[in-house]
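Side chains included, hydrogens not; waters and symmetry mates left out as well; all remaining heavy atoms used. None of the values given here were measured: they were computed from a predicted structure.
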Amino acid sequence: MSSDEDEIDAALNMGFTFRRRPVSAAAATRPQFRIPLLLLTLQKGRASKLHWKGLQVINWAIQSDARMDTLVAVTEERQVPHLPVVRIEPMLDRTIDLAVGLGYAKFEGGRTVSLTALGKERALEVAAAPVLQEEKQRLSRLAGKVSQAKIDLLLEWRNE
């Protein structure tokens, strides 16, 4: 064998050790940490239910004050000079599935998600708890319930 082959062989036969290391992942990427926000969001729909599109739009708007300004303007039927492109977040789908599995939410007729009785109880607990203060403040800016027509207006403005 040549010296290059010896080096490669030595490297491939070298021992190794696995060490468990803490890996922190942002709460936004962990569905179990997003369930409380999902429960609060579902309360913004009529009869505590929203279509998947509505959940995506409100989830997008909660991320910043500027985004919430846009959603509030649309729901109040004010002119919005430049409607944004709402980003669809796949992690929200996992959060919805987990909430359904835990009995906090259920699917109704396709892609509409509603709170169960247990989900409504948990949503009230989350609302009363000193958590998610920024998100609660942003959600409170949406007066009343959010209609599917307003959600569609924000999502489908380019089709007009």
Item to check | Side-chain donor/acceptor of K120 to backbone N/O of L39, under 3.5 Å | outcome: no

Item to check | D152 side, atom CG; K53 side, atom NZ - distance, nearest 0.5 Å | outcome: 5.0 Å

Item to check | Rounded distance (nearest 0.5 Å) linking atom CZ of R111 with atom CD1 of I96 | outcome: 8.5 Å

Checklist entry - At what distance, to the nearest 0.5 angstrom, does CZ of R34 lie from CD of E135? => result 10.0 Å

Next on the checklist: Between the side chains of E125 and R122, is the shortest nitrogen-to-carboxylate-oxygen separation below 4.0 Å, so that they form an ion pair?
Outcome noted: yes

Checklist entry - From L40 CG over to I62 CD1, what is the distance, rounded to the nearest 0.5 angstrom? => result 8.0 Å

Item to check | Atom pair NZ/OG of K145 and S48 - distance to nearest 0.5 Å | outcome: 5.0 Å

Please output the side-chain donor-acceptor pairs of residues 102-110 that fall under 3.5 Å, not counting sequence neighbours, one pair per line with the distance.
unit_1 : atom_1 : unit_2 : atom_2 : d
E108   : OE1    : K49    : NZ     : 3.0
E108   : OE2    : S114   : OG     : 2.7

Item to check | Student check: side-chain heavy atoms of P36 and V131 closer than 4.5 Å | outcome: no

Checklist entry - For P130, does its backbone N or O pair with a side-chain atom of K136 as donor and acceptor, under 3.5 Å? => result no

Item to check | Minimal non-hydrogen separation, R94 against P31, with atom names | outcome: CB-CG, 4.0 Å

Item to check | Heavy-atom side-chain contact between V57 and K150 under 4.5 Å | outcome: no

Item to check | pair Q148-R46: side-chain heavy atoms closer than 4.5 Å | outcome: no

Checklist entry - Which heavy-atom pair separates D65 from R141 by the least distance, and what is that distance? => result O-NH1, 3.7 Å

Checklist entry - Just how far is it from atom CG of L71 to atom CD1 of I151, taken to the nearest 0.5 Å? => result 5.5 Å

Checklist entry - For Q43 and A123, which heavy atoms make the closest approach, and how far apart are they? => result NE2-CB, 3.5 Å

Checklist entry - Counting only heavy atoms not in Q137, do more than 12 sit closer than 6.0 Å to its CD atom? => result yes

Next on the checklist: If you define the side chain from C-beta out and look only at heavy atoms, does anything of I58 sit under 4.5 Å from L139?
Outcome noted: yes

Checklist entry - Does L55 reach the side chain of T41, with side-chain heavy atoms less than 4.5 Å apart? => result yes

Checklist entry - So, do T95 and I35 sit near enough that their side-chain heavy atoms are less than 4.5 Å apart? => result yes

Next on the checklist: I'd like to know if L92 and I88 are part of one continuous hydrophobic network [Ile/Leu/Val/Met/Phe/Trp/Tyr, side-chain heavy atoms within less than 4.5 Å].
Outcome noted: yes

Next on the checklist: Using side-chain heavy atoms (C-beta onward) and a distance below 4.5 Å, is V72 in contact with L142?
Outcome noted: yes

Checklist entry - Backbone N or O of E89 within a donor-acceptor pair of the Q56 side chain at under 3.5 Å? => result yes

Item to check | For D93, all residues meeting side-chain hydrogen bond (donor to acceptor under 3.5 Å, both in side chains), sequence neighbours excluded | outcome: W52

Item to check | Pairwise side-chain contact, N59 with R87, heavy-atom cut-off 4.5 Å (strictly under) | outcome: no

